[in-house]
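Before any comments, here is the structure.
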Amino acid sequence: MDFDARTFTLPECHSVPRSKFESSKGAIANPVFKNVGGWDHAHSLSEFTRLSSTFTRQEVPHDRRLLGRIFYRNWNQHKNSTYFRRLYELRRALRILEQVKLHELVEYIAQAFYIPGTAKSGRKVSGWAALPCQHCMTAFAGRIAHVARLVSKIQAICCNVYIHFTAQVAQTLFMPLSLVIQGISSRLHMVLGIWHQDLIALYTALLRWLPSLPACPDSLSDNRTKMIAAKLLHVDSLTLEQPLDGDSRRAAAVLEKMRKDASRELIDNDGDYAIMEIEPAMEKKNKKRARQRVLDIYGDGL
């Protein structure tokens, strides 16, 4: 199972009704219900609902559509520039994130905890009625891990886009376009940072929860769940380093040089202002000395 694929389909979820492992005295002896009874599933479900609600918000889709309109409007004029190629890279990465359809995966898992046909508004009233199998939840955890890595990569692209368009602003080129792209990229970086934190928290919660979920009867014989679990990533590997590319490093160096030049000019200007303030005082003092010399030469006749 390739968790990093563009299109990903969760395996069939075999939900186990709550009544089977709570009312049956022999449920503990059944290998399907091993470790199910010793876990607070209600707390884990509430944590899952709270963290997954982040991915149903519309900030990222709204900014992606806005960025797409700006991209198509300015493509012909800026398509050969380096800074617009970075914008194209951001647009492509956001399209990949959209193809993941994370909100649909979350909703598919959430439905497995309730009676089929239960509306979202009635879930809090009815309470959870079933548990999804380990096989499906393990595949879901693997997909969450790779989505977290994708989000971390998009954050790095947002940094590169922001630096390139900041260089354009510093050179007073295409100011309206550059300022709008700066705002969108910085907003995306902030929102995706929240996404990344919640994805890591959700993945960590799933890793703790997986051993207490009912096993899939089909996976007990062929160890399919163990094969998927062996592919799960470590939590530390979900955050990618965000080094700047070569063009962004050069743009950052240019911005740093311009900042230093501006600071040096400001210091020089401050010095000029100080000289201008001192010069009138020195001129008055010199005039006073010249008058005194004239008085000394001609005496009191003046």
Of V100, L202, V147, L105, the residue whose pairing with F55 passes side-chain contact (heavy atoms from CB on, under 4.5 Å): L202

Nearest atoms (heavy-atom pairs only) where A148 meets L199: CA-CD1, 3.7 Å

Closest non-hydrogen atom pair between N80 and R85, with its separation: O-NH1, 3.3 Å

Test salt bridge (charged side-chain N to carboxylate O under 4.0 Å, His left out) applied to R86 and E89, step by step: CA-CA 5 Å; R86 299 285 83 80; E89 185 180 1; 3.3 Å; yes

For S178 against V169, the heavy-atom pair lying closest together: CB-CG2, 3.4 Å

Between F84 and H78, ring centroids under 6.0 Å: yes

Min side-chain heavy-atom separation L233-R149 under 4.5 Å: yes

Derivation of the side-chain contact (heavy atoms from CB on, under 4.5 Å) call for C136 and I109: CA-CA 9 Å; C136 181; I109 294 297; 3.8 Å; yes

Single-linkage hydrophobic cluster, 4.5 Å side-chain cutoff, Y162 and I194 together: no

Distance (rounded to the nearest 0.5 Å) between R208 CZ and E47 CD: 5.5 Å

Verify same cluster id: Y88, L90 (apolar side-chain graph, 4.5 Å): yes

Contact check, side chains of Y83 and I163, non-hydrogen atoms, under 4.5 Å: no

Residue pair V60 / L192, side-chain heavy-atom distance below 4.5 Å: yes

Pair F113 + W209: ring centers closer than 6.0 Å: yes

Geometric cation-pi criterion R91 and Y72, 6.0 Å radius, 45° cone: yes

Check: L238 main-chain N/O paired with H196 side-chain donor or acceptor under 3.5 Å: yes

Flag side-chain contact, heavy atom, 4.5 Å: M137 against C133: no

Which atom of Q134 lies closest to which atom of L210, heavy atoms considered: NE2-O, 3.1 Å

L232-V235 co-clustered via ILVMFWY side chain contacts under 4.5 Å: yes

Same cluster (ILVMFWY, side-chain, under 4.5 Å), M190 and F165: yes

L66-L179 co-clustered via ILVMFWY side chain contacts under 4.5 Å: no

Nearest heavy atoms of A130 and A112, plus distance in Å: CB-O, 3.7 Å

Nearest heavy atoms of L94 and L188, plus distance in Å: CD1-CD1, 3.8 Å

